[in-house]
Amino acid sequence: MSHNPDHNPMEKPKAAKTAKAGNSRDDRLKAALKANMAKRKAQARARLETAQDDIEQETE
């Protein structure tokens with residue numbers, strides 16, 4: 001076993017694992033945001049239709 005003075009066993013590996021983890025986290029967040037925006041748009045459309053139906057019923 002050779003001694004490497006630059007190697008610190010307490011130091012975590014940085015390059016490969018954090019890059020993959022960071023990308024997958026970003027992908028998950030992006031997908032969650034997209035789903036959330038779609039849900040909010042659907043809710044807004046439903047509220048708009050309900051409001052328009054209420055206005056139509058009042059004018060009849």
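Position 1 is the first residue of the sequence; numbering continues from there.
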Subject >> Within-4.5 Å side-chain heavy-atom neighbours: Lys30 and Lys34 >> reply: no
Subject >> Other cluster members, Leu33 - Ile/Leu/Val/Met/Phe/Trp/Tyr, side-chain contacts below 4.5 Å >> reply: Met37
Original post:
How far does CZ of Arg28 sit from CG of Asn23, to the nearest 0.5 angstrom?
Top reply: 11.0 Å
**OP:** Taking side chain to side chain contact (heavy atoms under 4.5 Å, CB included) as the test, write out the residues that go with Asp54, two or more places apart.
**Re:** Thr50, Gln57
